[in-house]
Amino acid sequence: MATTREQAKAAREAKLDELHERLTGAVEQLVSGEDWARALAFAARFRTRSFSNTLLIWEQHQGAFEAGLVPEPFPSYVAGYRQWQGLGRQVQKGQPGYQILAPVTGRFASSTPQDAESWRRLGKGEKLRAGEVVRTKMVGVRPAYVWDASQTAGDPIPEPPAPKLLEGEAPAGLWEGLAAQVEAAGFTVLRVPHEGMIHGANGMTDYTANTVAVRENMGPAAQVKTLAHELGHVLLHGPDAEDARQHRGIGEVEAESVALMVGAAHGMDTTGYTIPYVSTWAARVDGKEPVEVVKATGERVRKTALTILDQLDTTQIADGTPPGLDREAPHRGQQRSEPAHERTTSRRPAASVPEPAARPATGSVAPVELGL
């Protein structure tokens, strides 16, 4: 029996090693602004998944498409085997699942929860002692599998309403929703007549004055995208953020990437967005490998964009979860095939950060202070 357990553990670790190698390879391919923009736009369609799992699904589906196993180059909805069964659909014979990283959770108990050192892990079936409270947290990861809708057959999948925009038009209610979040973080939203009033930029977040300014002499879609960019700064960057203050490119890529994901979730055309080359800024962060920086940035961006989107009362594209599936309530006996993600709820003050204009601005630019 011990040998069997050891073999199972070794097999699981080998699968995890393979997944990490696959993930690292996918991240290493994100070397240009175009690739980064494409990856983020894809992640916006699967925004309830971690950034790592999004890349894993993307890479494996591309392989399945090239092998002729699926009809389209991009997946539509993905779910676990039993989850598809619960929706009246069955994975077709011969269709390989896409490996992802799923959480392994443990139960912990404490009679003094305010003391971080007092928590003890409960054994299987172990009951609480008098006065104890229990919490569940992730203690590791395991390989799991999901399948795209095109790999299944059965009951039709209902299509939720999706936003449809004319060129240059802003999604209904998006400006108001973003402005409300900026103001809830303690900043005042200003509309200024032209870029000359904000150092030649499209928008600027001023930490000293606690203002977010957006220039009015551009189209509605560009204005709302710029406001999303500045909200990214408000939520992610502040004077205490040491790394991004030393490497401005990190903060600008993060803010613009948040704007790209928010826009993509509303069906906005993101091809004209200003996405700097990932290799340029990632390679300049001392003490960290570019792959490590990209992975960390991608997950921070995804969580921040998800926080913004969750608070918006707007029509958004589907998030990759099949309609009718409650991922938080799996069937009895079913293990989750995807990680539960914590929501980013903390709000940090922003530094004075101008968003890059479409063209290089002339003249002096206000000092910037950025941070992760």
Side-chain angles (χ1 to χ4, degrees), residues 4-30 35 38-40 42-87 89-106 138-153 291-292 294-296 298-299 302-303 318-322 325 327-328 330-331 333-342:
T4 302
R5 283 199 297 267
E6 290 172 359
Q7 290 174 340
K9 180 180 179 181
R12 174 178 167 180
E13 290 179 351
K15 284 186 177 181
L16 287 175
D17 289 341
E18 179 185 349
L19 272 174
H20 283 295
E21 288 180 9
R22 184 189 293 269
L23 176 60
T24 299
V27 172
E28 287 176 337
Q29 293 177 21
L30 301 180
D35 289 339
R38 189 181 300 114
L40 288 170
F42 180 82
R45 295 173 54 187
F46 292 85
R47 53 191 178 273
T48 59
R49 305 272 175 181
S50 70
F51 186 69
S52 294
N53 279 339
T54 299
L55 291 183
L56 286 171
I57 292 168
W58 185 14
E59 191 264 348
Q60 291 172 90
H61 189 88
Q62 290 289 316
F65 174 72
E66 292 172 2
L69 296 174
V70 292
E72 300 293 338
F74 295 101
S76 55
Y77 300 109
V78 293
Y81 190 88
R82 290 190 180 90
Q83 290 175 327
W84 279 124
Q85 288 181 325
L87 294 174
R89 297 183 69 84
Q90 183 66 42
V91 173
Q92 296 176 321
K93 186 176 181 180
Q95 287 288 355
Y98 304 152
Q99 279 194 323
I100 61 172
L101 297 166
V104 176
T105 59
M138 192 174 81
V139 295
V141 294
R142 62 179 176 83
Y145 293 87
V146 293
W147 284 261
D148 180 57
S150 64
Q151 297 175 292
T152 68
V291 169
E292 179 186 359
V294 173
K295 286 169 63 177
E299 185 61 15
R302 186 198 68 84
K303 285 185 176 181
D319 63 5
T321 301
L325 175 63
R327 290 177 57 200
E328 299 301 321
H331 299 292
Q334 175 188 353
Q335 291 181 311
R336 297 186 189 275
S337 60
E338 55 276 334
H341 306 298
E342 64 181 26

From [atom1] ([X]) to [atom2] ([Y]), nearest 0.5 Å:
X      : Y      : atom1 : atom2 : answer
Thr105 : Arg142 : OG1   : CZ    : 9.0 Å
Trp84  : Tyr77  : CH2   : OH    : 8.5 Å
Thr54  : Arg47  : OG1   : CZ    : 11.0 Å
Ile57  : Arg45  : CD1   : CZ    : 11.5 Å
Leu87  : Leu325 : CG    : CG    : 5.0 Å

Taking side chain to side chain donor-acceptor pair (under 3.5 Å) as the test, write out the residues that go with Gln60, two or more places apart. none

Across all chains, not counting sequence neighbours, the side chain to side chain donor-acceptor pair (under 3.5 Å) partners of Arg89 are Thr152

Apply ring-ring contact (aromatic ring centres under 6.0 Å, His included) to Phe65 and list each qualifying residue two or more places apart in sequence or on a separate chain.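 Scan of Phe65 (ring-ring contact (aromatic ring centres under 6.0 Å, His included), adjacent residues dropped) gives none.
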
Phe46: which residues meet the ring-ring contact (aromatic ring centres under 6.0 Å, His included) condition with it, sequence neighbours left out? Phe42

Contacts of Gln95 that satisfy side-chain contact (heavy atoms from CB on, under 4.5 Å) - sequence neighbours left out: Leu69, Val70, Val91, Gln92, Trp147, Gln151

For side chain to side chain contact (heavy atoms under 4.5 Å, CB included), just list the numbers for Ser50 and Glu299, CA-CA rounded to whole Å, side-chain angles, deciding distance to a tenth of an Å, and then say yes or no. CA-CA 7 Å; Ser50 70; Glu299 185 61 15; 3.8 Å; yes

Which heavy atom of Ser76 sits nearest to which heavy atom of Asp148, and what is that distance? N-OD1, 2.8 Å

Considering all heavy atoms, the nearest His61-Ser150 contact: CE1-OG, 4.3 Å

Salt bridge (Lys or Arg N to Asp or Glu O under 4.0 Å) pairs, two or more places apart, involving residues 50-65: Arg22-Glu59

Qualifying salt bridge (Lys or Arg N to Asp or Glu O under 4.0 Å) pairs, either residue in residues 92-104, two or more places apart: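 For residues 92-104, and leaving out neighbouring residues, there are no salt bridge (Lys or Arg N to Asp or Glu O under 4.0 Å) pairs at all.
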
Glu72: salt bridge (charged side-chain N to carboxylate O under 4.0 Å, His left out) partners, not counting sequence neighbours: none

Can you check whether Val78's main-chain N or O pairs, donor with acceptor, with Arg49's side chain at less than 3.5 Å?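 Yes; judged by distance alone, with no hydrogens or angles, the pair exists.
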
